Amino acid sequence: MSDQEYRFCPRCGALMQEGVCRSCGYHARMETFSMGQSQTNWQQPALQPTGRKKKDRHVAAWVCGGVALLFLLTLILCMYFSVKNIYEKVQKETPPGYGGYGYDDGYFGYGNPYEDDYGSYDDSLEDYEPSEKDDYYKEITDATSLDFDYQVVWASVSMRPDDSDNSCTYDCVYPVLTSEENQETFDAMSDAIKDFVCKYQDSYREHVSGVSSYGYVTYMDEEKISIAVRHSFYEKKTTTPRVEAVTFRIATGEVIPHEEMAQIDEELVWQFRSRNGYQNGTVEFVDELSDEELMEYLKNEEDSVMFYSPVGLEIGFNYDGGWVTVTLKTDTL
């Protein structure tokens with residue numbers, strides 16, 4: 001006997017046989033149908049993401065971030081080493097700063113390494129190296145050598161006002177002589193050179209925008225050394241140039257006087273005019289001088305200029321608003 005064959009009717013309580021009530025006719029399929037109707041409103045609970053899937057997404061995000069960071073660091077390192085290689089290459093190919101040594105023949109000329117905002121400089125003269133084969137000396141520049149018992153290094157003095165609106169400044173670069181022997185004599189010459197090149201250090205404030213003084217070793221050998229100085233006096237809208245020079249005897253440190261370097265006479269005045277026209281073209285101030293006046297300018301100890309170069313003896317003078325020199329070609333340097 002099974003529960004499905006004999007049980008009591010849920011409606012009238014009479015005995016049911018094979019699912020049918022003999023009293024009221026209730027059939028069990030009606031219950032099954034009702035049960036089926038009630039089950040139609042049941043819904044399966046929505047699936048929720050598990051903690052494992054959340055962890056997987058976090059791990060993927062961290063991996064992507066790590067890859068991006070590694071790529072960025074690699075890019076930065078590549079850029080750094082590229083810039084470093086370029087800088088080192090430029091440093092190797094470019095001679096060191098003003099006054100350095102590096103040419104195989106022990107000689108070099110840098111043109112004017114002191115160019116600033118005040119002056120106008122011809123870039124074509126930047127690499128000028130004077131030679132005894134030149135017709136004339138083209139530009140004041142250095143002619144140092146490693147072939148002697150003494151060498152040249154460089155020192156500088158720079159002054160800047162505390163007030164940023166004050167444009168009055170001072171700059172001075174001067175050569176210093178060094179040697180393993182007889183250093184006392186070279187120290188004395190170096191002190192004299194500094195005083196000569198930086199002579200306007202105490203008075204530069206007399207000019208509105210200050211002064212710059214740059215010294216060049218225009219010639220050196222075992223017997224003598226010539227120092228030429230380019231001064232610039234800066235006013236509000238003008239710059240006044242001036243050139244001065246001094247030559248020392250290496251053995252004693254004495255200054256070689258102009259009369260020992262050249263004899264100022266009528267013959268030299270004639271050569272000066274001829275060389276000036278060939279080298280400098282028209283210099284109105286010189287053309288307007290008489291021979292007597294020109295001789296006086298060349299003899300004047302305050303304004304005259306004389307120094308040696310690899311080309312020859314440079315001789316000239318300063319005048320209001322400028323200076324002029326010519327090259328005397330000679331075999332007796």
Side-chain angles (χ1 to χ4, degrees), residues 91 94-103 106-119 121 126 128-130 139-162 168-207 209-222 224-234 241-256 305 307-310:
Q91 289 294 96
T94 304
Y98 174 69
Y101 299 100
Y103 286 81
Y107 165 81
F108 63 86
Y110 277 144
N112 182 0
Y114 306 108
E115 176 60 12
D116 51 35
D117 296 335
Y118 297 100
Y121 176 60
E126 185 175 357
Y128 172 54
E129 295 184 2
E139 179 72 8
I140 297 177
T141 187
D142 290 295
T144 56
S145 174
L146 299 175
D147 297 334
F148 309 115
D149 294 334
Y150 68 99
Q151 295 181 355
V152 178
V153 295
W154 302 92
S156 65
V157 176
S158 181
M159 296 183 182
R160 297 290 183 272
D162 296 331
C168 187
T169 61
Y170 179 74
D171 292 290
C172 178
V173 179
Y174 58 94
V176 178
L177 310 183
T178 64
S179 176
E180 295 181 358
E181 300 179 359
N182 199 17
Q183 185 59 45
E184 292 184 1
T185 300
F186 288 103
D187 286 343
M189 279 191 288
S190 296
D191 291 340
I193 291 172
K194 179 181 179 181
D195 292 340
F196 181 79
V197 177
C198 302
K199 64 184 297 183
Y200 297 105
Q201 180 175 343
D202 296 331
S203 60
Y204 77 95
R205 292 184 181 87
E206 295 177 4
H207 303 272
S209 295
V211 178
S212 64
S213 300
Y214 302 130
Y216 300 81
V217 176
T218 61
Y219 184 84
M220 61 185 293
D221 62 20
E222 295 177 350
K224 55 186 172 295
I225 182 170
S226 285
I227 313 295
V229 190
R230 296 179 62 146
H231 300 290
S232 295
F233 305 95
Y234 305 126
R242 182 178 175 84
V243 171
E244 298 178 354
V246 63
T247 299
F248 291 92
R249 206 183 311 276
I250 295 300
T252 62
E254 297 174 329
V255 174
I256 299 178
V305 179
F307 60 88
Y308 291 107
S309 79

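Just so it is clear, the model here is predicted, and its values are computed rather than measured. We're numbering straight along the sequence, starting at 1.
- Side-chain contact of T185 with N182: a donor-acceptor pair under 3.5 Å is present, judged by distance alone.
- Using a 4.5 Å heavy-atom threshold, the side chains of Y150 and M220 count as touching.
- Counting only N and O atoms by type, the side chains of D221 and Y219 include a donor and acceptor under 3.5 Å apart.
- To the nearest 0.5 angstrom, E222 atom CD is 6.0 Å from F148 atom CZ.
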For this session: Tell me, with the steps shown, if Y170 and C198 meet side-chain contact (heavy atoms from CB on, under 4.5 Å).
Result: CA-CA 10 Å; Y170 179 74; C198 302; 3.4 Å; yes
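- When only modelled atom types and interatomic distance are considered, S158 and R160 share a side-chain donor-acceptor pair under 3.5 Å.
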For this session: For I256 and F248, run side-chain contact (heavy atoms from CB on, under 4.5 Å): C-alpha distance rounded to whole Å, both residues' side-chain angles, the deciding distance at 0.1 Å, then the answer.
Result: CA-CA 6 Å; I256 299 178; F248 291 92; over 6 Å; no
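- W154 is listed as a side-chain neighbour of D142, based on a closest heavy-atom distance under 4.5 Å.
- No side-chain donor from either of Y204 and S212 sits under 3.5 Å from a side-chain acceptor of the other.
- The main-chain N or O of L177 is found under 3.5 Å from a side-chain atom of S190 such that the two form a donor-acceptor pair.
- Side-chain contact between I140 and R230 is present, with heavy atoms from C-beta onward closer than 4.5 Å.
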Exercise. How far apart are the C-alpha atoms of I227 and V217, what are their side-chain angles, what is the distance that settles it, and do they pass the side-chain contact (heavy atoms from CB on, under 4.5 Å) test?
Worked result: CA-CA 5 Å; I227 313 295; V217 176; 3.8 Å; yes
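- By the 4.5 Å heavy-atom criterion applied to side chains, P130 and T141 are counted as neighbours.
- Closest heavy-atom contact between Q151 and L146: NE2-CD2, 4.3 Å.
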For this session: Take Y216 and F307, measure what ring-ring contact (aromatic ring centres under 6.0 Å, His included) needs, and give me the verdict at the end.
Result: CA-CA 11 Å; Y216 300 81; F307 60 88; 9.5 Å; no
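- The environment of CZ in R249 is crowded: more than 12 heavy-atom neighbours from other residues, nucleotides or ligands sit within 6.0 Å.
- At a threshold of 4.5 Å between non-hydrogen side-chain atoms, the residues D171 and S156 do not count as touching.
- Each of V173, V157, V229 was checked for a side chain to side chain contact (heavy atoms under 4.5 Å, CB included) with V197, and the lone residue meeting it is V229.
- Scanning all heavy atoms of the two residues, the minimum distance from R205 to C168 falls at CA-SG, 3.7 Å.
- Close placement of the F233 and H207 rings is indicated, their centers lying within 6.0 Å of each other.
- From F186, atom CZ reaches atom CD1 of I225 across 8.5 Å, with rounding to the nearest 0.5 Å.
- For CG of D195, the number of neighbouring non-hydrogen atoms (other residues, nucleotides, ligands) closer than 6.0 Å is greater than 12.
- Between Y214 and C172, the closest side-chain pair of non-hydrogen atoms is not below 4.5 Å.
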Problem set entry | Verdict with reasoning, H231 to V243, per side-chain contact (heavy atoms from CB on, under 4.5 Å) | CA-CA 6 Å; H231 300 290; V243 171; over 6 Å; no
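- Using a 3.5 Å distance cut-off with no hydrogens or angles, the side chains of E181 and S179 do not pair a donor with an acceptor.
- The local environment of NZ in K194 is sparse, with at most 12 non-hydrogen atoms from other residues, nucleotides or ligands closer than 6.0 Å.
- Taking the ring axis of Y308 as reference, the NZ or CZ atom of K224 stays within 45° of it and closer than 6.0 Å to the ring centre.
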